[in-house]
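Okay, so here's the structure we're looking at.
Quick note on labels: first sequence line is chain A, next is B, and so on, each numbered from 1. Quantities reported herein were computed from a predicted structural model and do not represent experimental measurements.
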2 protein chains.
Amino acid sequence: MSDPSPAVARAGFPVSRQVLADHVYEALLEWLMDGRLEPGAAVSIDGMARELDVSPTPVREALARLEHTGMVRRVALKGYRVAPVFTREDFAELMEARLSIEPVNAKLACSRMTPEGLDALKRAVEDLKTAPRGGTFAEYRSYLEADERFHQLIAAQANNQFLLAAYNTLGGQIQRFRLFGGVGITDAEQAIAEHQAVLDALTGGDPEKAAEMMVDHVEKVRGRAMADAPED
Amino acid sequence: MSDPSPAVARAGFPVSRQVLADHVYEALLEWLMDGRLEPGAAVSIDGMARELDVSPTPVREALARLEHTGMVRRVALKGYRVAPVFTREDFAELMEARLSIEPVNAKLACSRMTPEGLDALKRAVEDLKTAPRGGTFAEYRSYLEADERFHQLIAAQANNQFLLAAYNTLGGQIQRFRLFGGVGITDAEQAIAEHQAVLDALTGGDPEKAAEMMVDHVEKVRGRAMADAPED
DNA sequence: ATGCCACAAATCCTATAGGAAAGCAGGTGC
DNA sequence: GCACCTGCTTTCCTATAGGATTTGTGGCAT
């Protein structure tokens with residue numbers, strides 16, 4: 001429909017070209033995810049422009065887009081800051097929101113699943129199982145990516161642009177918490193089993209079961225994280 | 001929580017000052033809601049700058065923020081366009097999304113309702129009842145505003161920043177559909193009764209009932225709109 | 001020592017200028 | 001008549017400059 005597939009005109013010619021602001025956006029997103037930009041840190045427009053060797057104009061545009069994701073916050077005439085670290089209460093709210101949205105996505109995705117979608121989900125779970133789980137970010141990065149991809153794919157398979165948009169507003173925050181929740185990957189075996197259970201329900205074509213397994217997964221994620229980080 | 005109430009320092013001094021890009025953002029939002037910018041129309045950066053008598057820079061920033069709301073869409077090197085009209089399928093998806101999110105908001109709002117929140121909700125319903133309902137936009141504008149405010153307040157009272165953000169991604173689309181769904185206000189009496197039923201449940205402190213009434217309301221809205229606009 | 005004020009540096013914000021790409025019109029060749 | 005090419009206009013995109021605001025620092029009075 002809105003798929004801009006009209007023309008992959010010639011080989012080597014990007015279908016949808018990017019402008020400088022897009023690259024800046026991706027660079028900033030990467031730095032936010034990497035932790036190179038730490039929570040609470042100021043994100044100076046001029047500073048980022050110098051660092052990326054561009055003018056402040058595209059940086060300003062990229063930050064304006066990033067603001068709505070909740071990753072950075074803006075105060076007029078004062079500038080942008082990386083969103084502060086999650087409090088225990090923030091985390092509880094985030095999990096509550098996930099419990100409201102993700103089971104619905106799972107249920108709808110189950111009844112509308114395409115073979116391609118199912119394949120992609122299987123690959124995501126497979127990637128979860130084979131991903132390295134070392135202590136440094138570079139090592140468990142692919143694990144986090146596969147985790148996020150799994151949930152994102154389910155939201156996409158629900159085949160509802162508005163639910164997908166709603167989930168995506170959470171997705172970035174979930175990813176951010178995974179990074180700064182601080183506990184690394186300590187629950188991979190259990191998380192993988194839970195993902196597998198969701199995938200099995202989806203494969204089996206049982207929407208209610210899929211929703212139930214998703215609730216189970218998110219609740220257990222919440223339980224483990226709450227146990228890991230009781231301070232605050 | 002994110003309420004910027006820290007200081008109404010001195011009389012006449014705006015709490016959080018605005019910059020030009022904020023005004024441009026609000027002006028564009030107003031024009032989108034008014035229908036002055038029709039679906040599918042191009043939104044030229046330079047053109048808007050001329051019309052608002054500012055430079056293109058703040059217009060560019062405002063549009064970058066607007067893009068994420070789904071009201072406008074951007075194609076690199078080609079510019080921004082107002083999002084196209086809702087198809088019947090889009091509408092069905094939007095209602096499905098509302099049914100997934102709003103009842104949860106109502107349930108949570110009910111158990112966390114503050115006296116101030118309840119007062120605000122009562123005012124919104126009262127405004128709905130007293131708002132003029134003429135045929136022109138200027139006349140039924142306040143009706144639409146009260147309707148949107150009612151749902152927005154419930155989302156806010158759920159007291160979950162992430163659910164609120166998720167709802168807000170829908171809110172703009174809902175408002176946009178109300179305008180371009182094209183049927184004006186033909187169901188005010190029924191809609192008011194349904195809103196009142198939700199309010200009663202919230203006042204009574206029965207979360208399940210509140211969720212149920214919200215489901216009922218959204219489903220009936222869907223039914224009426226589907227009946228009004230069977231073409232497409 | 002503490003509070004206050006002036007000054008300087010950094011930053012945000014807006015305007016302007018110019019290069020690059022896209023759209024459009026008109027003309028030419030087949 | 002139709003396709004294609006050329007030149008022009010519009011628009012987007014980026015860089016730069018300068019005014020406005022905030023922040024940090026040092027000195028001064030109490």
Side-chain angles (χ1 to χ4, degrees), chain A residues 2 4-10 12-28 31 37-38 40-68 71-84, chain B residues 4 6-10 12-28 31 37-38 40-68 71-84:
Chain A
S2 63
S5 52
V8 181
R10 285 150 185 54
F13 203 85
V15 188
S16 78
R17 292 176 300 175
Q18 288 192 337
V19 291
L20 212 45
D22 295 328
H23 291 293
V24 173
Y25 181 89
E26 288 170 13
L28 288 175
W31 290 359
L37 290 172
E38 292 181 8
V43 184
S44 156
I45 295 175
D46 291 342
M48 287 301 129
R50 281 191 296 271
E51 202 146 352
L52 291 166
D53 197 37
V54 296
S55 82
T57 309
V59 176
R60 174 174 294 275
E61 184 173 336
L63 282 170
R65 285 190 229 161
L66 271 174
E67 186 190 2
H68 117 87
M71 310 267 266
V72 299
R73 295 181 183 175
R74 164 181 162 276
V75 177
L77 299 179
K78 288 193 58 180
Y80 291 87
R81 292 189 154 281
V82 183
Chain B
V8 182
R10 285 149 187 54
F13 203 84
V15 187
S16 78
R17 290 177 299 173
Q18 288 192 336
V19 291
L20 211 45
D22 294 329
H23 292 293
V24 173
Y25 180 88
E26 287 170 13
L28 288 176
W31 290 1
L37 290 172
E38 292 181 9
V43 185
S44 156
I45 295 176
D46 291 342
M48 288 300 129
R50 282 192 296 271
E51 201 145 354
L52 291 166
D53 197 38
V54 296
S55 81
T57 310
V59 176
R60 174 175 296 277
E61 183 173 336
L63 281 171
R65 284 189 230 161
L66 271 174
E67 188 189 359
H68 114 89
M71 311 266 266
V72 299
R73 294 179 184 177
R74 164 181 163 275
V75 177
L77 298 180
K78 289 193 55 179
Y80 291 88
R81 303 191 82 83
V82 182

What's touching nucleotides 8-12 of chain C from the protein side, N or O pairs under 3.5 Å?
residue, atom, partner, partner atom, Å
dT11(C), OP2, R50(A), NH2, 3.4
dC12(C), OP1, I45(A), N, 3.1
dC12(C), OP2, I45(A), N, 3.1
dC12(C), OP2, D46(A), N, 3.3

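- For R65(B) and dC13(C), the CZ to C1' distance is 12 Å, given to the nearest whole Å.
- In this structure, the side chains of R74(B) and E67(B) come closer than 4.5 Å at one or more pairs of heavy atoms.
- Closest non-hydrogen pair, Y80(B) versus R60(B), comes out as OH-O, 4.5 Å.
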Under 3.5 Å, side-chain donor or acceptor atoms of residues 41-51 of chain B against the rest of the protein: list the pairs with distances, not counting sequence neighbours.
residue, atom, partner, partner atom, Å
S44(B), OG, D46(B), N, 3.4
S44(B), OG, G47(B), N, 2.8
E51(B), OE2, R36(B), NH2, 2.9

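- The shortest side-chain heavy-atom distance between R65(A) and R65(B) does not fall under the 4.5 Å cut-off.
- Put simply, the side chain of Y25(B) does not reach to within 4.5 Å of the side chain of V19(B), judged on heavy atoms.
- Minimum atom distance to the side chain of P56(A) is reached by dT16(D), of the listed dT16(C), dT14(D), dT16(D).
- In this entry the distance linking CG of D22(B) with P of dT14(C) reads 8 Å, nearest Å.
- In this structure, the CG atom of L52(B) is 15 Å from the C1' atom of dA15(C), given to the nearest Å.
- Rounded to whole Å, atom P of dA21(C) lies 13 Å from atom CG of L20(A).
- In this structure, E61(B) places its CD atom 15 Å from P of dT14(D), rounding to the nearest Å.
- Under 4.0 angstrom from either OP1 or OP2 of dA15(D) there lies at least one side-chain N or O belonging to S55(A).
- With hydrogens and angles ignored, the 3.5 Å screen pairs no side-chain donor or acceptor of R73(B) with any backbone N or O of A83(B).
- Taking atom CD of residue E51(B) and atom C1' of nucleotide dT11(D), one finds them 16 Å apart after rounding to whole Å.
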